[in-house]
2 protein chains.
Amino acid sequence: MQDNKTAPYLDPSSVGIVKPQVLRFDEPLTLECERILPSFELVIETYGTLNADKSNAILICHALSGSHHAAGYHSPDDTKAGWWDSLIGNGKAIDTSKFFVVCLNNIGSCHGSTGPTSQNPATGTIYGADFPLITIKDWVKTQVMLADRLGIAKWHAVVGGSMGGMQALQWSVDYPDRLARAVIIASTPKLSAQNIAFNEVARQSILSDPDFHQGWYLQHGTYPRRGLILARMVGHITYITEEAMKAKFGRDLKSGKFMYGYDVEFQVESYLRYQGERFSKNFDANTYLLMTKALDYFDPTRDYADDCLSDEEALKQTLARTQCQFLVISFSTDWRFSPERSIELVDALIANQKSVSFVNVDAPHGHDSFLFDIPRYVNAVKGFLSAPFIDQTHATKQPKVRYE
Amino acid sequence: MQDNKTAPYLDPSSVGIVKPQVLRFDEPLTLECERILPSFELVIETYGTLNADKSNAILICHALSGSHHAAGYHSPDDTKAGWWDSLIGNGKAIDTSKFFVVCLNNIGSCHGSTGPTSQNPATGTIYGADFPLITIKDWVKTQVMLADRLGIAKWHAVVGGSMGGMQALQWSVDYPDRLARAVIIASTPKLSAQNIAFNEVARQSILSDPDFHQGWYLQHGTYPRRGLILARMVGHITYITEEAMKAKFGRDLKSGKFMYGYDVEFQVESYLRYQGERFSKNFDANTYLLMTKALDYFDPTRDYADDCLSDEEALKQTLARTQCQFLVISFSTDWRFSPERSIELVDALIANQKSVSFVNVDAPHGHDSFLFDIPRYVNAVKGFLSAPFIDQTHATKQPKVRYE
């Protein structure tokens with residue numbers, strides 16, 4: 001039993017050791033920007049077992065910095081679990097003893113699927129700055145190709161937090177008959193001007209770094225490390241809350257007294273710099289730009305609503321076509337995508353008499369709350385995924401799912 | 001009368017054409033960092049007339065990017081009034097027909113008073129990165145020297161918004177018998193960890209700009225323009241509100257359609273870049289660093305409260321020594337220094353049975369509200385400054401000053 005303590009992959013609730021797979025798609029993919037990827041690869045991980053009628057598959061969509069590695073470990077020595085291991089596993093919110101869980105790395109990312117650091121088959125050189133901008137809609141299109149490849153006609157659920165939730169929402173409008181449930185967590189029907197403003201600061205940090213070279217840094221043998229550090233620092237402030245920062249660092253000084261200089265003094269400075277530096281070592285700058293732009297562009301009403309409508313009416317008109325059941329979850333302290341943004345979505349679904357459960361979870365972690373196994377949150381997801389699908393029930397604004 | 005329309009300085013409520021004065025101080029100034037400025041200069045402007053017993057003088061303290069030029073115009077052709085012209089003038093909130101108003105540029109700034117772009121008399125070269133860090137307490141010390149020079153034993157009031165409010169608060173504890181009133185607007189008794197985090201991103205933007213050269217950019221013939229632009233962009237997001245951004249820009253596109261690139265697309269991006277670029281042309285990078293550090297360090301309890309006390313108790317103990325009447329003003333949408341931060345100050349004053357009026361003004365402009373002539377705000381300041389000084393009345397949390 002000693003081993004159980006030292007090897008977390010042996011924990012009965014863990015999906016254990018997992019191995020990514022690479023799937024190659026040779027058919028050309030026409031993107032929203034009208035450019036064409038002649039072929040692409042997706043790296044995926046799967047957990048659990050697909051049942052005979054292929055009706056128990058759940059798709060996990062990742063957020064800005066996420067990857068296909070959502071749960072489990074890559075080797076017996078690996079101590080760092082996948083990014084959503086708190087929710088995915090045996091008996092967990094997304095229960096791998098019941099469901100076949102699929103997580104992919106999206107194209108344009110930098111964790112193995114085709115992206116700016118991949119080779120462009122047309123030129124034989126790395127895509128770099130020439131990699132096209134990808135939208136949420138494009139990602140969903142590739143995820144449909146993935147479903148087809150796996151023989152999954154209809155997902156039991158499509159699930160995601162933050163930008164992952166946007167993909168789940170886009171699925172529900174673009175392919176309404178191919179998912180039974182959508183779980184949209186800590187997300188928004190579209191970004192606010194302030195959200196775009198923060199993304200723009202992050203982008204300008206990278207774009208104005210002299211080592212960026214218009215995105216051709218790999219060819220120049222440089223890397224816009226400073227820009228990425230700044231981008232992550234400003235992003236990170238928006239992921240957590242003022243209260244969480246106060247609780248974690250307050251105004252504590254590293255050395256206990258003022259140094260009257262610009263080296264790290266306050267604990268919060270040290271933390272932010274650490275987050276920025278760590279991120280800058282593992283993330284591609286072109287990918288960061290592309291991801292923030294996909295966020296800014298996200299607006300599922302563009303294809304389905306009349307131009308002249310108000311935001312509310314446009315969202316209502318767009319969601320009329322959805323057929324799945326929705327679970328929408330927000331977190332009380334999330335100021336990046338506040339509960340009000342989730343309520344916009346819930347209200348538009350209710351106005352369409354769609355089936356929607358809404359849970360606003362009290363949690364101190366701000367936007368990052370979706371990564372934590374908070375009991376009310378975990379139970380809401382678990383209950384929603386296990387409940388039978390009831391076609392077109394009348395929706396109610398009262399949360400249907402409440403387990404404490 | 002045609003001229004009145006084209007020359008705003010002729011408006012009867014304007015202080016008209018004003019001329020800055022330079023005051024030289026040759027006595028050495030020992031700073032909190034224990035370094036000594038052998039001499040320094042202050043640029044000031046004054047409006048109105050000092051009365052015979054010198055009892056009608058009001059000191060205006062500026063915020064991060066402010067200057068001595070708070071009201072009026074520098075020439076008949078000048079169309080841009082001083083930064084607080086909305087509040088300072090004949091019949092305005094700070095009424096120059098009654099009061100002698102003094103505004104200075106603080107040392108360490110870049111608008112004329114001794115700062116990083118000044119010549120170091122010890123070396124004959126520009127201070128640059130060698131200019132010492134200045135604290136709010138240091139500024140107040142120089143403002144006392146200014147009061148002495150002007151023969152003002154006791155200010156009728158010390159008034160400031162944001163970082164200016166911090167100076168007014170520091171005055172009240174460091175020199176309690178030298179001011180009758182303190183007006184502290186859109187300010188805070190000290191910065192939160194999140195405030196410091198935003199400042200740290202701004203500083204890192206400048207410090208990591210290759211053109212910064214450890215602060216010796218003037219000597220290198222360069223200028224960290226990119227860093228200053230980023231610093232101002234991130235700062236600017238915190239000065240206004242999500243709602244104001246939505247009202248002003250929404251998600252409007254400059255060209256009406258997505259460009260699938262990283263040039264300016266959304267109106268809010270264009271606005272932020274413009275703010276950043278404009279600021280970077282008029283502000284010294286070393287000054288920006290110094291100012292943000294002065295903000296981060298600000299904590300009047302450091303000299304007056306026992307180390308072991310809670311934040312609340314420390315503030316209470318510190319404010320026990322104050323003798324002036326306080327007007328504290330916050331703005332409902334200010335998320336940089338929220339109304340809660342003003343209430344902390346008000347509560348600590350009330351706990352000491354000090355005279356304090358508190359007004360939380362509904363205003364849509366966020367932190368920047370203190371620069372606008374919002375009627376309730378203007379009337380509160382005007383009423384408070386005109387009311388007779390009542391020594392040590394018992395304070396009440398109910399606003400005493402209410403004029404709509």
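A side-chain donor-acceptor contact under 3.5 Å links A:Glu265 and B:Tyr297.
Between chain A and the residues B:Leu253, B:Asn195, B:Asp296, B:Val234, the most heavy-atom pairs under 4.5 angstrom are made by B:Asp296. Contact count versus chain A (heavy atoms, under 4.5 Å) is highest, among B:Lys246, B:Glu269, B:Lys248, for B:Glu269. Contact count against chain B (heavy-atom pairs under 4.5 Å) is highest for A:Val201 among A:Asp299, A:Asp211, A:Val201. Of all the listed residues (B:Val268, B:Ile237, B:Leu272, B:Leu31), the one sharing the greatest number of non-hydrogen pairs under 4.5 Å with chain A is B:Ile237. Put simply, of B:Thr292, B:Asp209, B:Leu290, the one with the most heavy-atom pairs under 4.5 Å next to chain A is B:Leu290. Of the listed residues (A:Arg251, A:Glu32, A:Glu242, A:Arg273), the greatest number of heavy-atom pairs within a distance under 4.5 Å of chain B belongs to A:Arg251. Contact count versus chain A (heavy atoms, under 4.5 Å) is highest, among B:Arg302, B:Met259, B:Arg203, B:His236, for B:Arg302.
The two residues B:Ala193 and A:Gly250 make their nearest non-hydrogen contact at CB-O, 3.3 Å.
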Let's go through B:Glu34 and A:Tyr260 carefully: what are the C-alpha distance in whole Å and the side-chain angles of both, what is the deciding distance for side chain to side chain contact (heavy atoms under 4.5 Å, CB included) to 0.1 Å, and is it a yes or a no? CA-CA 10 Å; B:Glu34 297 180 4; A:Tyr260 297 103; over 6 Å; no

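To the nearest 0.5 Å, the span separating OH on B:Tyr262 from CD on A:Gln214 amounts to 13.0 Å. We find the NZ-CZ distance between B:Lys293 and A:Phe258 to be 8.5 Å, quoted to the nearest 0.5 Å. Rounding to the nearest 0.5 Å gives a distance of 7.5 Å between OG of A:Ser208 and CD1 of B:Ile229.
Between the side chain of A:Arg226 and the main chain of B:Leu207, no donor-acceptor pair closer than 3.5 Å is present.
Neither the backbone nor the side chain of A:Tyr271 has a heavy atom closer than 4.5 Å to any heavy atom of chain B.
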